[in-house]
**Student:** 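Starting off with a structure, shown below.
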Amino acid sequence: MPRLRDVMAADLDIFFNLDEFAELHDIDGKEIAAIVDSDILKIRSQNKYERFDGVYKGEVAVFVKASDFPNRPVFGQPMRLDGKLYMVVECSEDMGILEIVLGANES
């Protein structure tokens, strides 16, 4: 009987299939199948926005296979997503998927 962990690992290919959910994104110069979501963070923060004198904090969540990142991103690490510079706000791993929250000040 296969272990649940093994079954879930096989399902990663479905979630990150380019014909299904994922799209290729340039992350630090490397094309990686990823799911980018900015709405989930708004829902989690209950649509509260931090704005100061025309500057607001923009955040985006990036979901990638953990195997695509030999070194797990850490807080404060600069990271380019599709050419835009962000800082890593948070990174967590669950069942082989990294959720990387990136933040940048925007105006």
Side-chain angles (χ1 to χ4, degrees):
M1 176 175 226
R3 297 180 309 169
L4 178 60
R5 180 181 308 170
D6 297 330
V7 173
M8 295 297 288
D11 286 346
L12 288 180
D13 290 333
I14 294 170
F15 290 115
F16 290 98
N17 182 329
L18 295 175
D19 292 328
E20 299 294 335
F21 300 110
E23 296 176 331
L24 283 177
H25 290 273
D26 183 331
I27 300 176
D28 284 341
K30 184 177 174 186
E31 292 284 317
I32 296 176
I35 301 167
V36 176
D37 189 344
S38 59
D39 293 331
I40 192 169
L41 298 172
K42 293 176 187 172
I43 293 169
R44 287 181 187 163
S45 68
Q46 299 174 346
N47 290 318
K48 295 178 184 172
Y49 296 96
E50 293 182 38
R51 294 177 189 218
F52 305 98
D53 295 328
V55 178
Y56 64 94
K57 185 177 178 184
E59 288 188 332
V60 63
V62 180
F63 299 89
V64 295
K65 287 183 189 177
S67 60
D68 287 337
F69 280 79
N71 298 314
R72 185 172 161 168
V74 295
F75 174 79
Q77 176 183 331
M79 182 175 285
R80 287 196 178 275
L81 173 65
D82 297 327
K84 184 174 180 179
L85 181 62
Y86 291 92
M87 302 298 274
V88 174
V89 175
E90 183 179 338
C91 181
S92 59
E93 181 177 355
D94 190 20
M95 304 295 276
I97 297 175
L98 287 181
E99 178 183 358
I100 307 167
V101 177
L102 301 174
N105 291 329
E106 299 180 355
S107 57

**Student:** Shortest non-hydrogen contact from Ala22 to Ile35?
**Tutor:** CA-CG1, 3.9 Å
**Student:** Would you compute the distance between atom CG of Asp68 and atom CD1 of Ile32 and round it to the nearest 0.5 angstrom?
**Tutor:** 5.5 Å
**Student:** Do the side chains of Val64 and Tyr86 join up, straight or via other hydrophobic residues, at under 4.5 Å, putting them in one cluster?
**Tutor:** yes
**Student:** Is there a path of hydrophobic side-chain contacts, each under 4.5 Å between heavy atoms of I/L/V/M/F/W/Y residues, joining Val62 to Val89?
**Tutor:** no
**Student:** With sequence neighbours left out, write down each residue that passes side-chain contact (heavy atoms from CB on, under 4.5 Å) with Ile97, or none if nothing qualifies.
**Tutor:** Leu12, Phe16, Phe63
**Student:** How would you list all residue pairs meeting salt bridge (Lys or Arg N to Asp or Glu O under 4.0 Å) that involve residues 82-101, not counting sequence neighbours?
**Tutor:** Arg44-Glu99, Lys84-Glu106
**Student:** Out of curiosity, Glu23 CD to Leu18 CG, how far, rounded to the nearest 0.5 Å?
**Tutor:** 8.5 Å
**Student:** Applying the 4.5 Å side-chain criterion to the ILVMFWY set and letting contacts propagate, would Val60 and Met87 be lumped into a single cluster?
**Tutor:** no
**Student:** Of the non-hydrogen atoms in Met79 and Pro73, which two are nearest, and what is the gap between them?
**Tutor:** CE-CG, 3.7 Å
**Student:** Are the side chain of Asp28 and the backbone N or O of Arg80 linked by a donor-acceptor pair below 3.5 Å?
**Tutor:** yes
**Student:** Of all the heavy-atom pairs spanning Leu85 and Ala104, show the shortest one and how long it is.
**Tutor:** O-CB, 3.9 Å
**Student:** Is it the case that over 12 heavy atoms from other parts of the model lie below 6.0 angstrom from the CZ atom of Phe15?
**Tutor:** no
**Student:** Could you note down all residue pairs passing salt bridge (Lys or Arg N to Asp or Glu O under 4.0 Å) where residues 9-19 supplies at least one of them, sequence neighbours left out?
**Tutor:** Asp13-Lys65
**Student:** Just how far is it from atom OG of Ser38 to atom CG of Leu102, taken to the nearest 0.5 Å?
**Tutor:** 11.5 Å
**Student:** Does Leu98 belong to the same Ile/Leu/Val/Met/Phe/Trp/Tyr cluster as Val88, with side-chain heavy atoms less than 4.5 Å apart forming each link?
**Tutor:** yes
**Student:** Find the distance between CG (Leu81) and CD1 (Ile100) and round it off to the nearest 0.5 Å.
**Tutor:** 9.5 Å
